[in-house]
Trainee: 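This is the structure I want to talk about, given as structure tokens.
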Amino acid sequence: MRTIVVFLPAHNEADNIAAVIARIPRFFHPDFRVKVLVIDDGSRDATAALAWEAGADRVVSFPRNRGLGAAVREGLAECCRMGADAGLMIDADNEYPPEQIPDVLAPILSGAADYTFGSRFKGRIRGMKLHRRLGNYAFTLLQVLLLRKWISDGQSGMRGFSREAMERAEINHDYNYAQVLTINLLRQGFRLAEVPIAYQVRTKGQSFIKFRQYVTSVLPAIYREMRRRPVRRRREP
């Protein structure tokens with residue numbers, strides 16, 4: 001039996017994490033078992049305890065808040081240590097639909113892609129404020145221009161990975177991961193596919209994103225990533 005690990009980076013998500021874990025499909029493919037991993041990024045609430053109670057197979061807790069980029073980096077590495085043949089990251093804020101995990105993983109399990117997004121802008125969005133929508137458009141357009149490849153949702157919080165993509169992914173800053181991870185993987189030659197998903201803005205808890213900090217952290221990280229010379233992956237003949 002092969003393994004899929006679904007991992008959730010989480011910081012102070014006690015109001016949401018149990019509901020997300022409860023909705024994760026565990027038996028959607030006859031050849032794969034599904035395990036759930038939570039990366040607790042220094043939460044000050046009961047996130048870790050509630051994750052265990054909700055059925056997480058493993059919880060890794062940081063002693064202090066390190067940032068979403070650091071949590072995703074650790075999540076990818078821990079997926080590999082848990083023997084994952086494929087992995088999926090989903091935000092713990094209950095904005096993304098766990099029921100669509102099979103859809104987002106399908107191109108990877110079929111061998112058609114190495115890296116996938118659940119695309120909100122190809123699917124259905126409820127409740128996103130105008131300034132957040134415009135910010136998503138702007139940072140996605142920047143990735144399109146840098147990569148010369150069409151992307152519809154460069155900031156998606158629901159992403160699938162092949163084993164090789166998890167092993168070779170590099171995230172060069174701790175605050176966030178979205179843009180630098182995509183640039184890193186696509187410049188290595190990994191194949192991207194986007195899958196339409198439904199999206200509902202959170203109703204509980206609070207986002208960590210602050211516009212000024214986001215811009216001042218993400219733009220320098222993108223610049224550093226683009227200056228690196230990518231090591232192209234070797235594809236099997």
Side-chain angles (χ1 to χ4, degrees), residues 4 6-26 28 34 36 38-39 41 43 45-47 50-51 54-56 67-69 71-72 75 87-108 113 115-144 150-161 175-179 181-182 192-215 218:
I4 292 167
V6 175
F7 75 96
L8 297 80
H11 176 64
N12 292 338
E13 291 290 358
D15 289 336
N16 294 306
I17 195 160
V20 178
I21 292 173
R23 294 166 59 197
I24 294 173
R26 295 284 193 139
F28 63 85
V34 175
V36 174
V38 173
I39 307 297
D41 185 17
S43 297
D45 62 10
T47 293
L50 290 170
L68 182 56
V72 173
L88 184 132
M89 188 215 79
I90 183 168
D91 283 352
D93 55 14
N94 215 13
E95 292 188 335
Y96 293 83
E99 294 83 3
Q100 289 195 257
I101 287 172
D103 301 329
V104 176
L105 281 173
I108 292 170
Y115 177 43
T116 56
F117 295 163
S119 174
R120 298 166 292 179
F121 296 102
K122 285 188 172 182
R124 184 180 73 251
I125 295 176
R126 292 181 179 175
M128 184 182 289
K129 293 182 179 178
L130 179 61
H131 72 278
R132 294 292 294 273
R133 188 182 288 264
L134 294 175
N136 273 289
Y137 288 156
F139 274 100
T140 297
L141 178 60
L142 177 59
Q143 292 170 77
V144 169
W150 177 251
I151 296 170
S152 68
D153 190 1
Q155 283 65 242
S156 174
M158 188 174 183
R159 302 177 183 226
F161 304 84
Y175 181 75
N176 206 333
Y177 69 94
Q179 301 81 14
L181 177 57
T182 297
L192 172 68
E194 292 189 282
V195 178
I197 61 168
Y199 174 80
Q200 169 68 59
V201 170
R202 67 158 73 224
T203 58
K204 297 179 181 179
Q206 186 174 8
S207 173
F208 78 96
I209 293 174
K210 302 293 185 290
F211 179 75
R212 180 175 296 180
Q213 187 178 6
Y214 194 91
V215 171
V218 169

Trainee: Between Pro25 and Ile101, what is the shortest heavy-atom contact and its length?
Mentor: CD-CD1, 4.1 Å

Trainee: The criterion is ring pair (Phe, Tyr, Trp, His ring centres under 6.0 Å); which residues satisfy it with Phe161, sequence neighbours excluded?
Mentor: Tyr115

Trainee: Show the nearest heavy-atom pair for residues Asp41 and Gly67, with the distance to one decimal.
Mentor: OD2-N, 2.9 Å

Trainee: Find the distance between CG (Asn16) and CG (Asp91) and round it off to the nearest 0.5 Å.
Mentor: 10.5 Å

Trainee: Applying side chain to side chain contact (heavy atoms under 4.5 Å, CB included) to Val104 and Ile90, what does each step give before you reach the verdict?
Mentor: CA-CA 11 Å; Val104 176; Ile90 183 168; over 6 Å; no

Trainee: Within this structure, what is the CZ-CD distance for the pair Arg23 and Gln100, rounded to the nearest 0.5 Å?
Mentor: 10.0 Å

Trainee: Quick one: which of Met158, Met128, Arg126 gives a side chain to side chain contact (heavy atoms under 4.5 Å, CB included) with Tyr199?
Mentor: Met128

Trainee: Kindly indicate whether the side chain of Val38, heavy atoms from C-beta on, has any atom under 4.5 Å from the side chain of Ile21.
Mentor: yes

Trainee: Give, for atom CG of Asp153 and atom CD1 of Ile197, the distance between the pair rounded to the nearest 0.5 Å.
Mentor: 7.0 Å

Trainee: For the backbone of Gly118 and the side chain of Ser156, can you confirm whether one donor and one acceptor N or O come within less than 3.5 Å of each other?
Mentor: yes

Trainee: Quick check: do Arg132 and Val201 have side-chain heavy atoms less than 4.5 Å from each other?
Mentor: no

Trainee: Does Glu13 reach the main-chain N or O of Ser43 with its side chain, forming a donor-acceptor pair under 3.5 Å?
Mentor: no

Trainee: For the residue pair Ala19 and Asn94, what are the closest heavy atoms and their distance?
Mentor: CB-ND2, 4.1 Å

Trainee: Check whether any side-chain N or O of Gln143 sits under 3.5 Å from a backbone N or O of Ile151 as a donor-acceptor pair, and report yes or no.
Mentor: no

Trainee: Which heavy atom in Ile17 sits nearest to a heavy atom in Ala51, and how many Å separate them?
Mentor: CD1-CB, 4.1 Å

Trainee: Please check this pair: side chain of Thr47 against backbone of Ala14, looking for a donor-acceptor N/O pair closer than 3.5 Å.
Mentor: yes

Trainee: Starting at CZ of Arg124, measure out to CD of Gln200 and round the result to the nearest 0.5 Å.
Mentor: 8.5 Å

Trainee: Using modelled atom types only, decide if a donor and an acceptor are shared between the side chain of Arg159 and the backbone of Met89 within a distance under 3.5 Å.
Mentor: no

Trainee: Please give me the minimum heavy-atom distance between Ala193 and Pro107, naming the atom from each residue.
Mentor: CB-CB, 4.1 Å

Trainee: How many angstroms lie between atom CG of Leu134 and atom NZ of Lys129, to the nearest 0.5 angstrom?
Mentor: 13.5 Å

Trainee: For the atom pair CD1 (Ile24) and CG (Leu88), what is the distance rounded to the nearest 0.5 Å?
Mentor: 8.5 Å

Trainee: Tyr96 side chain to Gly157 main-chain N or O, any donor-acceptor pair under 3.5 Å?
Mentor: yes

Trainee: Restricting to non-hydrogen atoms, name the atom on Pro9 and the atom on Ala71 that form the minimum distance, rounded to 0.1 Å.
Mentor: CB-CB, 3.8 Å

Trainee: With sequence neighbours left out, write down each residue that passes ring pair (Phe, Tyr, Trp, His ring centres under 6.0 Å) with Tyr137, or none if nothing qualifies.
Mentor: Phe121

